[in-house]
Amino acid sequence: MTLRVFSVLLLTLALQACGGGSSGNSDNDKASTKEAHFIQPDKVAAYVANFQSQYDQIKLTLDGKEYPVEFYDMSQKEKLIVVKFAEGVLTFGFDFDKETPIATSFKIDRVGDELSHKAITVTSEGDNFKMEGSVEEPVTQGLYNVEFVFNEALLSAGNASFRLDEAKTTAFVNGALGTSSYIKLKALLENNPGLKTLVLENVEGSVNDAINLHTSRLVRNAQLTTEIRKGGEAHSGGVDLFSAGYHRVYQDGATLGVHSWCCTDKGQDAGKLSKDDAQHAPYLTFSREMLGDTLGPDFYFFTIQAAPASGIHKMTRAEIDKYLLADQPR
């Protein structure tokens, strides 16, 4: 799963621009140099608090037992969302264009059995969808009552985990980045002042670029070294996280994968936009912060033109060196 997709279920985030920035000397001079953010820095705390309030309402109740759930995967093409819970996984349909759950695709896979849709109804109240009714075990035809409540926080959360080493100087990150990643990393930094290095082991991408850019800023502000070792992988929004390192360590045999984000307000990959389109602005602000006024925009436009959102381009060592992604103290 290589992610840089804004689900239509997520909040529509307007480009909130304010004065600032300076022009570089590259071919990308015509790209906007105004500072812009999907979420203004002084609004991040409120954004996270709202997310947490919504996330606390997400729950699965199966046969009278309540379970917390965690985002696992999604496919807009197949119109499916997958979440994990303590006993297995729940898969349900979702029409991303109509922003509506599809009850007939509701299925629970547990160890030893598969429970599929029998009589599921969908209702909505406030920000929440509720899918409730019964699922059936096909062999015994046994029925189980089920209720699943979710909202947009489910898709924007991600599932990335952070693991500390014994010395508490190095953290290892795996999974899909999202709003929960910001919360986890912020807490990790506050509780471990000796943390120096963030190792990206297998970072699939980001399910919410709007907050991921601020997660990456946590890395830069803490002056962490980012590191990706031989065999490690960071894709899409994971490359943003890597680029935020105050020092950046890349080992040959690691993978940095880039592609375009999707989708623009016209339903296109970002690589098809003109370079002066305002939709680039938050990414350009970020890339300038991390890589400088010239290399930042050059690198950003390289990433969105290197591969479409449905594909991935694995950067060569020559490309990594060209954009000074590795071993560059800031």
Side-chain angles (χ1 to χ4, degrees), residues 1-7 24-32 36 38 75-77 176-177 200-210 212-213 215-216 219 226-245 248-328:
M1 179 171 59
T2 53
L3 303 166
R4 182 167 240 159
V5 178
F6 282 110
S7 166
N25 299 310
S26 71
D27 293 338
N28 295 319
D29 281 353
K30 67 178 182 177
S32 171
F38 291 111
S75 170
Q76 289 181 291
K77 181 179 180 181
L177 301 164
L200 286 71
E201 290 191 312
N202 186 358
V203 181
E204 302 160 6
S206 165
V207 297
N208 184 353
D209 280 2
N212 188 53
L213 300 183
T215 304
S216 300
V219 171
T226 52
E227 182 176 344
I228 184 163
R229 300 171 179 174
K230 181 179 180 180
E233 297 191 13
H235 296 273
S236 192
V239 178
D240 292 335
L241 190 69
F242 178 76
S243 75
R248 299 181 292 273
V249 179
Y250 170 87
Q251 289 186 0
D252 288 336
T255 297
L256 294 176
V258 297
H259 61 178
S260 178
W261 53 268
C262 177
C263 292
T264 70
D265 56 11
K266 297 180 180 179
Q268 299 176 319
D269 277 13
K272 295 183 179 180
L273 295 172
S274 65
K275 288 186 175 180
D276 58 354
D277 194 292
Q279 292 176 86
H280 296 304
Y283 295 105
L284 289 168
T285 293
F286 174 81
S287 62
R288 288 189 177 98
E289 289 176 33
M290 302 305 151
L291 299 175
D293 287 349
T294 299
L295 277 180
D298 286 348
F299 178 63
Y300 167 69
F301 286 117
F302 159 75
T303 66
I304 65 171
Q305 292 161 1
S310 59
I312 198 74
H313 171 75
K314 295 182 179 180
M315 293 185 68
T316 65
R317 183 68 205 223
E319 290 167 341
I320 291 168
D321 291 342
K322 177 180 179 180
Y323 296 106
L324 303 182
L325 279 186
D327 299 318
Q328 295 297 317

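Positions are given from 1 along the sequence.
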**Report entry** OG1 on T303 to NE2 on H313, rounded to 0.5 Å
**Finding:** 10.5 Å
Query raised in the report: Are side-chain heavy atoms of F299 and V239 found at a separation under 4.5 Å?
Result: yes
Query raised in the report: Nearest heavy-atom pair of L177 and G237: which atoms, and what distance?
Result: CD1-O, 3.8 Å
**Report entry** Side-chain donor-acceptor pair present, D240, Y283, cut-off under 3.5 Å
**Finding:** no
Query - Partner residues of L295 under the side-chain contact (heavy atoms from CB on, under 4.5 Å) criterion, sequence neighbours left out - result: L291, Y323, L324
Query - Test item: S243 side-chain N/O and M290 main-chain N/O as donor-acceptor pair under 3.5 Å - result: no
Query - Pairing residues for E233 by the salt bridge (charged side-chain N to carboxylate O under 4.0 Å, His left out) criterion, not counting sequence neighbours - result: none
**Report entry** Main-chain N/O of N208 paired with S206 side-chain donor or acceptor, under 3.5 Å
**Finding:** yes
Query raised in the report: Under 3.5 Å, side chain of H259 to main-chain N/O of A307, donor-acceptor pair present?
Result: no
Report summary line: In terms of heavy-atom contacts, A176 and V207 come closest through CB-CG1, 4.4 Å
Query raised in the report: After noting the C-alpha distance and the side-chain angles of L284 and F301, does the key distance pass the side-chain contact (heavy atoms from CB on, under 4.5 Å) rule?
Result: CA-CA 9 Å; L284 289 168; F301 286 117; 3.9 Å; yes
Query raised in the report: Within the side chain of R288, is there an N or O that forms a donor-acceptor pair under 3.5 Å with the backbone of G296?
Result: no
Query raised in the report: With a 4.5 Å heavy-atom cut-off, do F302 and K322 have their side chains touching?
Result: no
Query - Results of side-chain contact (heavy atoms from CB on, under 4.5 Å) for Q251 - residues two or more places apart only - result: E227, R229, K230
Query raised in the report: Checking D277 side chain against Q279 main chain: does a donor-acceptor pair fall under 3.5 Å?
Result: yes
